[in-house]
Amino acid sequence: MEYNFKEIEKKWQTYWAEHKVYAAKVDESKPKYYVLDMFPYPSGAGLHVGHPLGYIASDIFSRYKRLQGFNVLHPMGYDSFGLPAEQYAIQTGQHPAVTTEKNIARYRSQLDRIGFSYDWDREIRTCDPDYYKWTQWAFIKMFNCYYDYDIDKASPIENLISKFEAGGTKGVNAASSSDLEFTAEEWKSYTEGQKSAILMDYRIAYQGETSVNWCPALGTVLANDEVKEGISVRGGFPVEQKKMTQWQLRVSAYAERLLAGLDNLDWTDSLKDMQRNWIGKSQGAEMHFKAVCDGQEHDMLIFTTRADTVFGVTFMVLAPESPWTDILTSKAQKEAVEEYKNVVKKKTERERIAETRKVTGVFSGSYATNPLTGKEVPIYVSEYVLSTYGTGAIMAVPAHDSRDYAFAKAFNLPIIPLIEGCDVSESSFDAKDGIMCNSGFLNGLPVKKAITAAIDYVESKGIGRRKVNYRLRDAIFSRQRYWGEPFPMYFKDGIACPLPDDKLPLTLPEIDEYKPTETGEPPLARAKDWTYGGYPLEKSTMPGFAGSSAYYLRYMDPRNSEALVSKEANAYWQDVDLYIGGTEHATGHLIYSRFWNKFLYDLGYVCKDEPFRKLINQGMIQGRSNFVYRIVGTNTFVSFGLKDNYKTTEIHVDVNIVYNDRLDIEAFKAWMPDYHNAEFILEDGEYICGWAIEKMSKSMFNVVNPDLVCDTYGADTLRLYEMFLGPLEQSKPWDTKGIDGVNRFLKRLWRMFYDKDNCLVTDGEPTAAELKSLHKLIGKVCSDIENFSFNTSVSAFMIAVNELYDLKCSKAAILEPLLILLSPFAPHITEELYHTALGREGSISGAKLPEYIEAYTIEDNCTYAVSFNGKTRFTVDLPKSLGKEEVEARVRALEQTAKYTDGLTIIKVIVVPGKIVNIVVK
RNA sequence: GCCCGGAUGGCGGAAUUGGUAGACGCGCUGGUCUCAAACACCAGUAUUGAAAGAUGUACCGGUUCGAUCCCGGUUCCGGGCACCA
């Protein structure tokens, strides 16, 4: 019998599906284990060989955990709302639901071929109304809550209303968009409209005006993590800043908890660092400065982390968009400031980035008084101060801040050094290090102590207070698009109201065109009768991250129509034990999910504060591109080794017509009409291609389709090879030619069971050598899997099978544990051999993981190399059972009889068991 | 500019984290089988040298009997953030 992978793989995939082998059910008798993949966006291009890498890893781990006796939840679904389907719809008029459906079918068939152990009964799709009902439900909950810092969690908005009714804003310690103050009487005197406007500033899901990333080409706003270097991540279009009223989520209220929660997570440090930087906590102080404009006195508030440098303030700076700027611009400077503001406003985000460090600014015409020195300093307006961070105003200390320094140099402002011995003639001294000088009562203190002393002083004089700032901003939650979740909100006389729960889901209406309207309204404005009870419904939709923020909860109880997840299901599955996915979600999905989960936790809907206990980031699989070299101005192609003799252009060639860097010339001629009459300059009768490692993409003709690999080598080979390529978390290139090695391994495994038509499996007692091979393997593979070092596991399998093959071992007592151990990696072939060759019943996934017995792998004797000062002089075999002291004693004795002393005396014997003995001599 | 990761044969990568560097696989070379090819199998394969040996983990230095591993500095590559006061 031959290893017929096609038949075997089809047979077992059918068996698993028919017997629902991987269906997960709540089972209190077993410990649970939840393994989750980041669900894919089903794009039109289908999967390439890089996509399943993480899925294979998580599948191996899931299968391994099942063998260990865990009740494993391993679900899959689709993140199926999103821009590409909509862009396609705009171009073709096809409904996004239709293309999405088609793409999902393609993804499913590709995934199925690889043999994953998903529980497909739990599949979810974010665009399914039964699913997005719960996205809308959560949004309404957020709308109906505010964040109370006193209890440090979300709380129903009614509680806030009661507080306002009882005592106004006094004693209210809540996250809000503005710092309003009013009394209970004032509150009661407000109209409904005024009240709802005030409450809006406190809600966790709220509508508010902010400066947003507006992408004109996409016709929508984007969140910060959807923009990189002034360009939209999806599509690559320029993005500009624009003031707009948008739905937002008050993620910033959770900044401290999102930061603190990281400490207890089993994530990589680099990913935690990314989130920490994104949250951007900085501790400092707010300080009041008296400002005078045209004789009028105002109060100005700044934020600083360097309160110690207040004696070196030589000017102040306001953000152009800051409300202070209008108040503190003098009549004389009005025109200049307005002009400056206009120039800044017109710049796109991209220009701002390109011109970073180019100093611009304008004098406001007013002056501020330093509260500590009483000195007057000028107030400037400059774009290097951001309105969105801190108070939008700073005190400038050019001697100790490089940005202030550049500004001072450009505007010829004084620079006062405050640290003993520092040189500020060429650049500022930014380090928080040294002894203070020129700083009144702070003189003589080291910087770090001076910071505390300065803040203490400021607090005691009532000039300011300690303050923590976060860079994390609220998430802008509206998108002016069609293919997303509709907001379950309507506007009654201009006041935003949520739909009642029994009206959920609010499904997407049909429209005949997916573009924005001529008047610039979102596509939903095209819908007929987009109203509720006669009131207009919200016309924008939710962003991509809405649907992915709580999907891991829905998998626990995917068909529940009463709740996002039942209390029972949530209590059993709890949280995700292992989450595998790419780093690209570090500051997007992984922040939003944590926020969303914490919110639901505050309200008691989920039992865990953090959703993802352990996180692994798989690396990218890069493509290996091949090139041909066309001699300029001809249709002649010269082989790689000879190309330097000619003037050539490098052209990407489809890697599927190149074998081992050798071009299939006939296939090349047929590839594109242009090359039909191509001529070639060969070396040794062959055309050798150049190569490079690049991103896997269609345009570089280096895409390898997993279907093709499954056709030629089988899914088990694909799975093993993807793992064998290198460490899971590292980026590495795909190179199809190496795949023969793992394929050979499987064929050899097969031959251990079958020779032609004979089954070779026998009973019989295993020998010591066979047991040693097996148990070395068990020990290695189990510890590798726990460490996600799957590449070395595959090597270990190859070594063990080679050893056993050489020993001609066909004993069931050895082969059965071997198969079970290998089954997570290569489920089809092991399943087949388990049944037909070993005659076992049921699926191998129900088997028990073989136990590792160390005693089998210990060597009787062990060779020590004895060396003097690093030079090996002789080797000696000693029983492994000897203790360290005894080895030392025997070595000393040997050394004496061997007369290797050369007149030297031993000062130290270093024994490393099983390794080497070093004798240090003098 | 700041914060993280890296750097080992022709290639992907191992090395029990201070103890024989280069496991395993690819590729290459030679051989067996074959009319031939494919498959399979066997042997070799860091550099240098006829050999003994010498040299080798990006570079410079340090600690140590001993360093791919620890410490200091440099270069290059990858990722993240970027006027965050």
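First the proteins, then the strands, lettered A, B, ... as listed; each starts at 1.
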So what does [X] hit on the nucleic acid, given a heavy-atom distance under 4.0 Å: a base, only sugar-phosphate, or nothing?
X	value
A:Arg751	sugar-phosphate
A:Leu725	sugar-phosphate
A:Arg744	sugar-phosphate
A:Asn791	sugar-phosphate

Give a yes or no on whether the backbone of A:Val424 and the side-chain of A:Tyr405 come within a donor-acceptor separation of less than 3.5 Å.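 Yes, the answer is positive, given that a donor and an acceptor are paired below the 3.5 Å cut-off.
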Is any side-chain N or O of A:Gln730 closer than 4.0 Å to OP1 or OP2 of B:G6?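 No, A:Gln730 has no side-chain N/O under 4.0 Å of OP1/OP2 on B:G6.
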Does a side-chain N or O from A:Tyr389 land closer than 4.0 Å to OP1 or OP2 of B:A85, or not?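 Result: yes.
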Ring centres under 6.0 Å, that's the criterion: do A:Phe315 and A:Phe411 meet it?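 For A:Phe315 and A:Phe411, the ring centres are not under 6.0 Å apart.
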Determine whether the side chains of A:Ser252 and A:Asp474 contain a donor N or O and an acceptor N or O closer than 3.5 Å.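 Per modelled atom types, A:Ser252 and A:Asp474 side chains form a pair under 3.5 Å.
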Base orientation of B:G9, syn vs anti, 90° cut from 0: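 The base of B:G9 is oriented syn (glycosidic angle within 90° of 0).
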Please state the P separation for the pair B:U48 and B:G9 - nearest whole angstrom.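 Going atom to atom, P in each nucleotide, I get 14 Å.
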In whole Å, measure the gap between the C1' atoms of B:U68 and B:U57 for me.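 Between the two C1' atoms, the distance is 5 Å.
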Specify whether A:Phe429 and A:His400 have parallel, tilted or perpendicular ring planes, treating 30° as the upper limit for parallel and 60° as the lower limit for perpendicular.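 The arrangement is perpendicular - the two ring planes meet at more than 60°.
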Look at the rings of A:Tyr389 and A:Phe303 and say which category their plane angle falls in: under 30° parallel, 30 to 60° tilted, over 60° perpendicular.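 Geometry flag for A:Phe303 against A:Tyr389: perpendicular rings.
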Nearest heavy atom decides the nucleotide; on that basis, is A:Gly280 or A:Gly726 closer to the 5' end of RNA chain B?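 Checking each residue's closest nucleotide, the 5'-ward one belongs to A:Gly726.
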Which is more 5' along RNA chain B, the nucleotide nearest A:Pro727 or the one nearest A:Arg662? Just name the residue.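 So the residue in question is A:Pro727.
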Are A:Arg594 and A:Trp278 in a cation-pi setup, meaning NZ or CZ lies under 6.0 angstrom from the ring centre and within 45 degrees of the ring axis?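 Checked: cation-pi criterion not met.
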Applying side chain to side chain donor-acceptor pair (under 3.5 Å), which residue pairs with at least one partner in residues 721-732 of chain A are found, sequence neighbours left out?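 As it turns out, there is no side chain to side chain donor-acceptor pair (under 3.5 Å) pair with a partner in residues 721-732 of chain A once direct neighbours are skipped.
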Convert the base pairs of RNA chain B into dot-bracket notation, remembering that pairs crossing earlier ones are written with [ ] and that bases paired across to another strand are shown as |; include only Watson-Crick or G-U pairs under 3.5 Å. (((((((..(((......[....)))((((((.......))))))(((....)))..(((((..]....))))))))))))....
